[in-house]
Amino acid sequence: MRSETGAILLVDDDESLRRVAEYQLTAAGHRVVAVGSGAEAITALREGTFDLLVTDILMPGMSGLELLDRVRASYPAIVPVVITAHGDVATAVRAMQTGAFDFLEKPFSKDRLLVAVEKARDYAALRDENRRLRALAAAPPAFASFVGASAVLRHFLDDLRLAADSDATVLLVGESGTGKELAARALHVASRRATRPFVVVNGAAIPESLIESELFGHRKGAFTGATEDRRGKFETADGGTIFIDEVGELPLVAQSRLLRVLQEGEVDKVGAATPTRVDIRVVTATRVDLERRMHEGTFREDLWFRLNVVPLRLPPLRERTGDVPLLLEHFLTRSAARHGRSLPRLEPEALDRLERHDWPGNIRELENLVERLIVLGRDGAVGVADLPGSVCGEGPRFGRARLEIPPDGIVLEDLERGLIEEALRRHGGNQSAAARFLGITRQTLIYRMKKFELA
């Protein structure tokens, strides 16, 4: 499998040779960036993605050997080929010791140049494939972390396996605690990008003022406090997978930039004059209705269509009939071993209550409950009295709230209006705080306040 993700960086201070070599490589179908010095090469490396370096050795300023040292330290995936003067065997040997894959002796023919480049790329592809196979052999199976035997879980995992064998953009949809990040990691581990980076971004956790710099990077001096060049999350994930959790919480400006990455395969660093090429797979996740956000004007329609290529819904735990006992056994065994405790016994009535619980917090809620039972357990058995009120309490449950519903029913819009009024009252009219309290964006809160004439 040949890697064609990056360009060839050609470095030579001889303008005539550089132009001829650039033309020959481009005519053979390669993408080439040609520069005339080591300093220009360092700048190009910061701004682009390369898998092969072809560099002269004797150059004014930074020599080719110095450039090789810099590349080996900061860009170890790049395969170097060096150009040496006729008869300079000692320099060629030193270059090979510094990490060069091959050398070209001046003057060299077009065929010799193309053969050297093809051999270097074949070597890079074989090296990357070997690394991937070793990593896969050492790693646990990609889907082994999913515990359960329910039909709905098996159907989801079948779809996840099919999606993993592609580079298609995947949108994971599911309630909080259903395992969206776990699914994204499984997609990555089972893909051909398994040996490359897996980068996680929480769209709801990055301050809006920093989100562009965090995601896309910046150049030194781009703004106050930018004291050095910084690679963003997308550039860090180059060659691998980037997972954007809670993508619906990204501000509109960041949504526009994300759309460009998906369309063009380029990121615009803050303060950079030219874009940076990236080769990444994008996996996103949401617990909110992005179509509704789109209609409310808080999520871009064009981005929605770009993300919704392969939508996969993670089933909530209440739909995974029969999986609760298996998950309980798994988490009890793991937690007991971690805390050095004996494995407790679940009394039948306690197990029945746990199986009938609706698990609004899904697997995360169950895992946290098990941790509590192990840490606070005393006599080796877990009965109903040991379970929290959230499991044993009466009445219907909605998320983390329990509501008393009158026999003659309720008006849903009155309930929604009341919740908004209460959230605003509790937070002194602060819309941002009220929105966080309700688990929605500020734009969504404003939209609903207008709907109920509260704004």
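Hydrogens, waters and symmetry mates are skipped; everything else that's a heavy atom, side chains included, is used. The chain is numbered in sequence order, starting from 1.
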Using 4.0 Å as the upper bound for N to carboxylate O, is an ion pair formed by [Y] and [X]?
X	Y	answer
Lys269	Glu47	no
Arg70	Glu66	no
Arg112	Asp102	yes
Arg277	Glu264	no
Arg306	Glu301	no
Arg318	Glu175	yes
Arg334	Glu371	no

Looking at Phe101, I want to see if its CZ is surrounded by more than 12 non-hydrogen atoms of other residues, nucleotides or ligands under 6.0 Å.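 Yes, CZ of Phe101 has more than 12 neighbouring heavy atoms, counting only those of other groups under 6.0 Å.
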Please determine whether the number of non-hydrogen atoms from other residues, nucleotides or ligands lying under 6.0 Å from atom OH of Tyr447 exceeds 12.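 Counting neighbours around OH of Tyr447, 12 or fewer heavy atoms of other residues, nucleotides or ligands fall under 6.0 Å, so no.
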Heavy-atom side-chain contact between [X] and [Y] under 4.5 Å:
X	Y	answer
Leu314	Val173	no
Phe331	Leu326	no
Leu52	Leu9	no
Thr333	Glu329	yes
Leu366	Val370	yes

Partners meeting salt bridge (Lys or Arg N to Asp or Glu O under 4.0 Å) with Glu296 (sequence neighbours left out): Arg292
[X] side-chain N/O to [Y] backbone N/O, donor-acceptor pair under 3.5 Å:
X	Y	result
His427	Ala423	yes
Asn202	Ile244	no
Arg193	Gly239	yes

Given Arg31 and Asp51, is the salt bridge (Lys or Arg N to Asp or Glu O under 4.0 Å) satisfied, shown in steps? CA-CA 11 Å; Arg31 290 190 295 117; Asp51 55 20; over 6 Å; no
Nearest 0.5 Å, please: how far is [atom2] in [Y] from [atom1] in [X]?
X	Y	atom1	atom2	result
Glu22	Glu15	CD	CD	10.5 Å
Leu17	Asp12	CG	CG	5.0 Å
Thr441	Glu246	OG1	CD	11.5 Å
Thr298	Leu290	OG1	CG	9.0 Å
Ile446	Ser432	CD1	OG	8.0 Å
Ser256	Leu250	OG	CG	11.5 Å

How about [X] and [Y]: does a side-chain donor come under 3.5 Å of a side-chain acceptor?
X	Y	result
Arg281	Ser191	no
Thr178	Asn362	no
His30	Gln24	no
Thr43	Glu40	no
Arg300	Gln255	no

For Arg154 and Asp158, what are the C-alpha separation, side-chain angles and deciding distance, and is it a salt bridge (Lys or Arg N to Asp or Glu O under 4.0 Å)? CA-CA 6 Å; Arg154 290 200 306 271; Asp158 287 343; over 6 Å; no
Phe216 ring center within less than 6.0 Å of Phe234 ring center: yes
Within 45 degrees of the ring normal and closer than 6.0 Å to the centroid, is that where the cationic atom of Arg161 sits relative to Phe143? yes
Output, in order, the C-alpha distance, side-chain angles, deciding distance and verdict of salt bridge (Lys or Arg N to Asp or Glu O under 4.0 Å) for Arg196 and Asp238. CA-CA 8 Å; Arg196 306 297 292 166; Asp238 190 30; 5.6 Å; no
Run the salt bridge (Lys or Arg N to Asp or Glu O under 4.0 Å) check on Arg293 and Glu249 step by step: do they pass? CA-CA 10 Å; Arg293 293 274 176 96; Glu249 304 305 322; 3.3 Å; yes
side-chain contact (heavy atoms from CB on, under 4.5 Å), that's the test. Do Thr284 and Phe243 meet it? Break it down for me. CA-CA 6 Å; Thr284 59; Phe243 170 56; 6.0 Å; no
Result for side-chain contact (heavy atoms from CB on, under 4.5 Å) between Val82 and one of Val11, Leu104, Leu68, Asp56 points to Leu68
Look at the aromatic rings of His357 and Trp359 and report parallel, tilted or perpendicular, splitting at 30° and 60°. perpendicular
Step by step, would you call Leu45 with Ile42 a side-chain contact (heavy atoms from CB on, under 4.5 Å)? CA-CA 5 Å; Leu45 287 164; Ile42 295 299; 4.2 Å; yes
Given the rule in the side-chain contact (heavy atoms from CB on, under 4.5 Å) test, do Arg353 and Leu387 qualify, once you have shown the distances and angles that lead to the verdict? CA-CA 9 Å; Arg353 291 289 183 97; Leu387 302 179; 4.0 Å; yes
